[in-house]
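Predicted, not measured: the structure shown is a model, and the values here were computed from it. The residues of the chain are indexed from 1 along the displayed sequence.
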Amino acid sequence: LLEPVNTMPQLQKKLPRSVRGLTMVELLIGLAVGLFIVAASASLLTGNLRENRSLVIESRLMQDLRTAADMVTRDLRRAGYWGAANAGVRGDSASAVPANPYVEMATTGGTPADTVSFRFSRDAIENNSVDSNELFGYRLRNGAIELQLGVGNWQALTDATLLTITEFSVTPVVEEISLQNFCSTACAAGSATCPPRQQVRSLALVISGRALGDARLTRSVRSQVRLRNDSIVGACAA
């Protein structure tokens, strides 16, 4: 009987390694290296996507805060605007000078305040009276800044579904300039009303917010608002 002859060892010796294939150990090592490269690439991609998302959220947050600050600054700068301001200047024949009906500006909610109300004229022809559509204000309510347009009409200025306003503060700053040089008579010692003084008024505005998409992301914007209607207090000695 003929005995079977095992010729596989001889064939493996004759064939090149590339033709013979990989051993189990080499295959496992290759798979491990491939999985490591895939995991590293996935981690890098995830990090880049997370960073890109944070940048988008931060940009949106800063844009919303700056837009709100610009609108508040623009309106506050107009507080007290009077279409007939020339009527408030004493002339040679004037016996009485009417007061500016739009001069009132009030802040509430502490110092710094989180609510400010003001008036300015919107009349094409000045009627020297404050109409219902000439009442304005801003306030912080339930994490959003609200804008007042007329009596009792409050509308949201910021979107509470995108960001939460954590601070809205308005701090009045008043600088007085003495007008003693315009008086012909010296003031009495200790007088509280003499000399007349020009009040240069401004408001320090701070708005801070937190993004709802990333609670760790908070930003603040600051603005200094110079009111255009300076007021005169006091008078020269008689």
Would the SG atoms of C236 and C187 measure under 2.5 Å apart? no
Going by side-chain heavy atoms closer than 4.5 Å, which hydrophobic residues are tied to V200, directly or by a chain of links? I177
Less than 4.0 angstrom from a charged side-chain N to a carboxylate O is my criterion; do R119 and E134 meet it? no
Are more than 12 heavy atoms, taken from residues, nucleotides or ligands other than R216, located less than 6.0 Å from that residue's CZ atom? no
Apply side chain to side chain contact (heavy atoms under 4.5 Å, CB included) to residues L203 and T171 and explain how you reach the verdict. CA-CA 5 Å; L203 300 173; T171 306; over 6 Å; no
Heavy atoms from other residues, nucleotides or ligands near CZ of R226 exceed 12 (cutoff 6.0 Å): yes
Return yes if some donor-acceptor pair links the side-chain N/O of Y81 with the main-chain N/O of R122 below 3.5 Å, else return no. no
Under 3.5 Å side-chain donor-acceptor pair for T166 and S208: no
Examine the side chains of Y138 and D114 and answer whether a donor and an acceptor come within less than 3.5 Å of each other. no
All ring-ring contact (aromatic ring centres under 6.0 Å, His included) counterparts of F120, not counting sequence neighbours: F136
Would one find more than 12 heavy atoms of other residues, nucleotides or ligands at under 6.0 Å from atom CZ of R78? no
Under 4.5 Å between any side-chain heavy atoms of V116 and T108, yes or no? no
So, is the end of the R139 side chain (NZ or CZ) under 6.0 Å from the ring centre of W154 and within 45° of the ring's axis? yes
Assess the side chains of E126 and S121: does a donor N or O sit below 3.5 Å from an acceptor N or O? yes
Any chance you could measure N128, atom CG, to N100, atom CG, to the nearest 0.5 Å? 9.0 Å
Applied to residues 174-191, the side chain to side chain donor-acceptor pair (under 3.5 Å) test, sequence neighbours excluded, yields E176-R197, E176-Q199
